[in-house]
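Report on one structure; see the data block that follows.
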Amino acid sequence: MNILVVNIGSTSFKFRLFDMADEHVIAQGAIEGIGRSEAQVALWCGAGTAEQGVARVADQAAAVAHCLAALQGWQLRIDAVGFKAVHGGDLPEVVPVSPEVLRVMETFADAAPAHNPAYVAAMRACAAQVPGVPLVAAFETGFHRTIPAARTTFAIPQEWTEAYGVRRYGFHGASHRYVAEYCARELGRADLRIVSCHLGGSSSVCALAAGQSMANSFALTPQSGLPQNNRVGDFDAYALLTLRARTGLDLDTLLARMAREGGLLGISGVSNDMREVLAAAAAGHARAALARDVFVESVRAYLGSYLVVLGGLDALVFTGGIGERSAEIRARVCAGLAFLGIELDLERNAQAQPDATLSRDGLAVRVLAIRTNEELIVARQTRAVLAAVAA
């Protein structure tokens, strides 16, 4: 069975085609800059064929067509398409795409405006361009439905929670699920207490107990939780009233500026890329150092909170672009935590290439850097849900 897994942003389209007989990648590719005059296209096939360059890709439907044309040209079969979808509200974690699924995704488009509309457009384009091929949505929010209500409920009028779905959902479900499964296999235990730090352009921290999500730093929208790229993270909503009064800007303008100019970029004034922030901080840039420190302190705050949620810790995992590659961020997050059994081996941390153990031997808590594989999780989920439908 060949399963095409699609990962979409507002201006990006990424895919991997898996042969599920042995779960290896047959083909993969990315289109960046959709809707611009020149989109960057990079496609690869295991047979050695590749396409790289620029092309006019007007929208997600055109991106779907470009991907499918490449796969057809390479004579690769598609038996199903799995979408690494973002916000599904209270839908199950993995479901066949249907008009009702699309309706719910559109309902939550205001909570995930950079993702849900793009996914809906791509799903409709796939349905039109490969009729008869099963389409499956695997929602990032679904993995976190095991979080107790006491950790998902806002202190707001209950009508807003019940009628409009305003509560904490959590995201990065496929990544945190992969971490849970990897650690259970690597450590040989199913009852592990794990804090999973997915740190990258989009970042979250998750408390995992026996493979299930117990808490996640994201709330209703991806703008919440840790400060990250252009995202502000946790923020006092009433501060907007102060800003409105003192700047004269309306609410929509303030929110747009927060989304465009907030996060690491807003604090540092340098970049929304942690690599550039760290380089500037090392060169003595005070605001870049502050952005780094705010990010680290936020991760540490969630780590401390989740130690209480879990009642202890067996593994601390770093994944995502920053988590996998930045020895400095890992070291700063773990600094001074030996009293909790968390202590890095400095040489291992400096030299680590995922997948690797970073902690000293013999400690209570294993610290790891893991290269996450969200697409593989979605491929497995797609296969499973289609098998259940066929049974």
Side-chain angles (χ1 to χ4, degrees), residues 2-20 23-86 97 105 112-131 133 135-138 140 174-175 200-202 222 229-230 260 271-273 275-276 320-322 324-325 371-379 382:
N2 291 353
I3 296 180
L4 178 67
V5 175
V6 176
N7 183 349
I8 295 174
S10 57
T11 61
S12 67
F13 182 97
K14 300 176 183 178
F15 72 88
R16 289 185 187 178
L17 181 65
F18 289 89
D19 179 345
M20 297 306 291
E23 298 186 336
H24 82 276
V25 176
I26 308 170
Q28 61 185 336
I31 302 174
E32 303 281 355
I34 294 170
R36 301 172 189 163
S37 57
E38 289 188 343
Q40 298 293 322
V41 178
L43 309 180
W44 168 86
C45 175
T49 309
E51 174 190 342
Q52 192 163 1
V54 296
R56 179 75 174 97
V57 184
D59 52 26
Q60 290 294 342
V64 169
H66 200 103
C67 163
L68 295 177
L71 297 176
Q72 183 178 23
W74 295 330
Q75 298 183 329
L76 295 175
R77 187 185 73 254
I78 301 172
D79 298 308
V81 182
F83 293 88
K84 194 182 80 66
V86 177
V97 174
M105 291 179 69
H115 298 93
N116 273 32
Y119 269 106
V120 169
M123 288 172 179
R124 288 186 169 136
C126 270
Q129 295 178 36
V130 283
V133 173
L135 309 182
V136 172
E140 291 189 4
S175 179
S202 178
N229 54 34
N230 296 56
R260 187 174 62 249
S271 175
N272 64 359
D273 188 316
R275 293 167 295 187
E276 295 177 6
I322 297 170
E324 294 169 17
R325 302 186 188 104
R371 180 173 289 110
T372 191
N373 195 336
E374 298 168 289
E375 290 81 6
L376 179 57
I377 291 293
V378 172
T382 299

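The nearest pair of heavy atoms linking Ala39 to Gly33 is CB-O, 3.6 Å. Taking each heavy atom of Val378 and Ala174 in turn, the nearest pair found is CG2-CB, 4.5 Å. Residues Leu43 and Phe15 come closest through the heavy atom pair CD2-CE2, 3.5 Å. Of all non-hydrogen atoms in Met123 and Ala85, the two that sit nearest each other are CE-CB, 4.3 Å. Across all non-hydrogen atoms, the minimal contact from Ala125 to Ala61 is CB-CA, 3.6 Å. The two residues Gly9 and Ala118 have their closest heavy-atom pair at O-CB, 3.6 Å.
Note that CD of Gln60 is 7.0 Å distant from OG of Ser12, once rounded to the nearest 0.5 Å. To the nearest 0.5 Å, the span separating CZ on Phe18 from OG1 on Thr382 amounts to 10.0 Å. Leu71 CG to Ile78 CD1: the interatomic distance, rounded to the nearest 0.5 Å, is 4.5 Å. Of the inter-residue distances, the one linking Arg325 atom CZ with Arg371 atom CZ reads 7.5 Å to the nearest 0.5 angstrom. Leu4 CG to Leu68 CG: the interatomic distance, rounded to the nearest 0.5 Å, is 7.0 Å. From Ile34, atom CD1 reaches atom CD of Gln40 across 12.0 Å, with rounding to the nearest 0.5 Å.
Annotation: Arg275, atom CZ; neighbour count of heavy atoms from other residues, nucleotides and ligands within 6.0 Å does not exceed 12. Dense packing is recorded around CD of Gln129, with more than 12 heavy atoms of other residues, nucleotides or ligands lying under 6.0 Å away.
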Candidate pair Thr372 and Glu324, rule side chain to side chain contact (heavy atoms under 4.5 Å, CB included), full reasoning: CA-CA 9 Å; Thr372 191; Glu324 294 169 17; 4.1 Å; yes
Asn7 vs Tyr119, side chain to side chain contact (heavy atoms under 4.5 Å, CB included): CA-CA, chis, key distance, verdict: CA-CA 9 Å; Asn7 183 349; Tyr119 269 106; 3.6 Å; yes
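A distance-only check finds a donor-acceptor pair linking the side chain of Asn116 to the backbone of Met105 [under 3.5 Å]. Of the possible donor and acceptor atoms, none in the side chain of Glu375 sits under 3.5 Å from a partner among the backbone N and O of Lys84. The backbone N or O of Lys14 lies less than 3.5 Å from no partner atom in the side chain of Gln28, so there is not a single donor-acceptor pair. For the pair Asn230 (side chain) and Arg260 (backbone), a donor-acceptor distance under 3.5 Å is present. Formation of a donor-acceptor pair under 3.5 Å by the Arg36 side chain with backbone atoms of Val57 is not found in this model. Remark: side-chain polar atoms of Asp79 are paired, donor with acceptor, to backbone N or O of Asn2 under 3.5 angstrom.
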